[in-house]
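What follows is one structure encoded as structure tokens, with my remarks underneath.
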Number of protein chains: 2
Amino acid sequence: MYLRALTGLADDGTTTCSSEELAAAAGVNSAKLRKDLSHLGSYGTRGVGYDVEYLRYQIAREIGVTQDWPVVIVGIGNLGHALANYSGFRSRGFRVVALLDADPRRHTEVVAGLEVRSFDDLESIVAEHDVSIGVIATPAVAAQDVADRMVASGVTSILNFAPTVLSVPDGVDVRKVDLSIELQILAYHEQRKAVAPGSEVVS
Amino acid sequence: MYLRALTGLADDGTTTCSSEELAAAAGVNSAKLRKDLSHLGSYGTRGVGYDVEYLRYQIAREIGVTQDWPVVIVGIGNLGHALANYSGFRSRGFRVVALLDADPRRHTEVVAGLEVRSFDDLESIVAEHDVSIGVIATPAVAAQDVADRMVASGVTSILNFAPTVLSVPDGVDVRKVDLSIELQILAYHEQRKAVAPGSEVVS
DNA sequence: GACGTTTTGTTCTCCCGTTCACAAACTCCT
DNA sequence: AGGAGTTTGTGAACGGGAGAACAAAACGTC
């Protein structure tokens with residue numbers, strides 16, 4: 001988030017910023033921002049603030065955005081399409097090296113300049129491109145199988161869009177994004193607003 | 001999450017479950033699950049467990065899933081397409097009543113059985129369908145404008161997929177989903193794994 | 001009907017993230 | 001050069017969520 005906020009400031013021509021400004025741009029408290037940044041080192045100057053470009057590079061280096069991360073996407077339905085075409089990935093150092101789908105009818109398609117390939121090609125693709133990050137955009141029933149195959153072929157980080165709890169061995173990271181749960185949380189707060197107006201905020 | 005886990009259990013024919021089982025299905029600790037459920041009331045029976053169907057209805061009622069929530073989606077690019085076609089919304093009580101886009105070239109399109117309409121129709125659509133939840137899937141630069149128009153027309157909950165911090169008045173809830181930040185978090189952990197193998201897990 | 005077993009509901013404790021508040025450090029102005 | 005004004009970095013206080021542990025309650029068995 002800080003990285004993105006800094007990029008925004010840089011695009012506006014700002015060369016220096018205080019913790020207050022950056023915190024406002026990122027939507028957090030300034031004390032938290034300073035403490036977070038202090039974990040990376042002392043990249044600010046007291047009385048002045050932070051150099052936007054310098055801090056930006058330091059954060060990018062720390063979180064690994066300076067590297068090029070090959071990524072495979074499995075499940076080229078609606079969501080897989082959107083992810084394959086999402087420009088935000090490439091601009092942040094992620095390179096989609098393959099799109100896989102179990103359905104042979106999709107294998108003729110070309111999405112975002114990439115041919116959709118068979119799921120059986122997973123192992124060879126992971127090995128060839130040294131892929132460590134996989135994205136699962138399949139239906140829920142297929143997700144665990146896909147995860148197992150990914151782990152077996154060497155993937156150690158998984159971004160899961162399927163509404164299922166994946167079980168993976170230690171050392172493998174999983175992050176889950178559940179679109180309809182986000183809406184449900186909003187609906188819950190809406191309902192509370194209707195009952196007791198003007199009392200709650202999203203936590 | 002509990003609701004989804006319960007639905008899964010119900011589909012498997014389970015009629016009763018313990019907190020341990022449900023916690024495992026939802027991927028959480030059983031003590032946490034019991035504490036969470038106790039906030040809704042005492043819907044379990046000691047020595048037996050929870051009745052799956054009964055608990056499912058109680059949770060659904062509490063979080064407002066029994067209602068029908070009209071939703072508008074603004075920004076029908078790749079992600080907007082995917083969201084409009086996402087079946088998980090409808091099955092959870094969300095009904096997409098309109099797709100809006102500022103680009104007139106998209107207004108001829110029909111997506112998911114709905115005609116893409118002009119963003120200028122926002123106010124009338126919100127008023128007509130009593131919409132309180134809006135989804136923003138536009139580029140970052142347009143997101144704040146869209147949010148302002150939504151709020152002005154009566155929307156009080158926003159799900160934001162644009163990589164921007166939205167500022168909205170009190171009483172309006174915003175939830176943000178940032179796809180590339182999720183990947184960045186995974187990449188960060190990957191980098192740490194490469195430096196110090198076998199030490200960290202996603203938090 | 002009493003007792004052992006199982007499982008919930010709740011209390012207590014611990015731990016971590018967030019925020020406040022302030023000293024240290026830097027700049028600018030006189 | 002010195003002091004006033006800013007702003008960072010960090011120690012201390014606060015709050016809340018998460019897990020362990022236990023009492024209360026329901027069921028089955030004898």
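These figures come from a predicted structure and were not determined experimentally. Chain naming here is simple, since letters A, B, ... match the order of the sequence lines and numbering starts at 1 in each.
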Could you state the [atom1]-[atom2] distance from [X] to [N], rounded to the nearest angstrom?
{"X": "Y43(A)", "N": "dA25(C)", "atom1": "OH", "atom2": "C1'", "result": "19 Å"}
{"X": "L33(A)", "N": "dG9(D)", "atom1": "CG", "atom2": "P", "result": "10 Å"}
{"X": "E20(B)", "N": "dT5(C)", "atom1": "CD", "atom2": "C1'", "result": "15 Å"}

Under 3.5 Å, is there a donor-acceptor pair linking the side chains of [X] and [Y]?
{"X": "Y2(B)", "Y": "D36(B)", "answer": "yes"}
{"X": "R34(A)", "Y": "S19(A)", "answer": "yes"}
{"X": "E190(B)", "Y": "T156(A)", "answer": "yes"}

For this session: Indicate whether OP1 or OP2 belonging to dT8(D) is found under 4.0 Å from a side-chain N or O atom of S19(A).
Result: yes

Problem set entry | Distance below 4.0 Å between T45(B) side-chain N/O and dA26(D) OP1 or OP2 | no

Is the closest basic N to carboxylate O distance between [X] and [Y] below 4.0 Å?
{"X": "D101(A)", "Y": "R117(A)", "result": "no"}
{"X": "K193(A)", "Y": "D173(B)", "result": "yes"}
{"X": "R149(B)", "Y": "D145(B)", "result": "no"}

Exercise. If you look at every strand shown and take non-hydrogen atoms under 4.0 Å, does S42(A) touch a base, only sugar-phosphate, or nothing?
Worked result: sugar-phosphate

Exercise. In residues 47-57 of chain A, which ones come under 4.0 Å of DNA chain D, going by heavy atoms?
Worked result: G47(A), V48(A), G49(A), Y50(A)

Exercise. Cationic tip of R95(A) within the cone over F89(A)'s six-membered ring, i.e. under 6.0 Å and within 45° of the normal?
Worked result: no

For this session: With sequence neighbours excluded, tell me which residues meet salt bridge (charged side-chain N to carboxylate O under 4.0 Å, His left out) with K35(B).
Result: none

Seminar exercise, completed: Counting primed atoms, P, OP1 and OP2 as sugar-phosphate and everything else as base, the B/S/- map of nucleotides 18-23 of chain D against protein heavy atoms under 4.0 Å is SBBB--

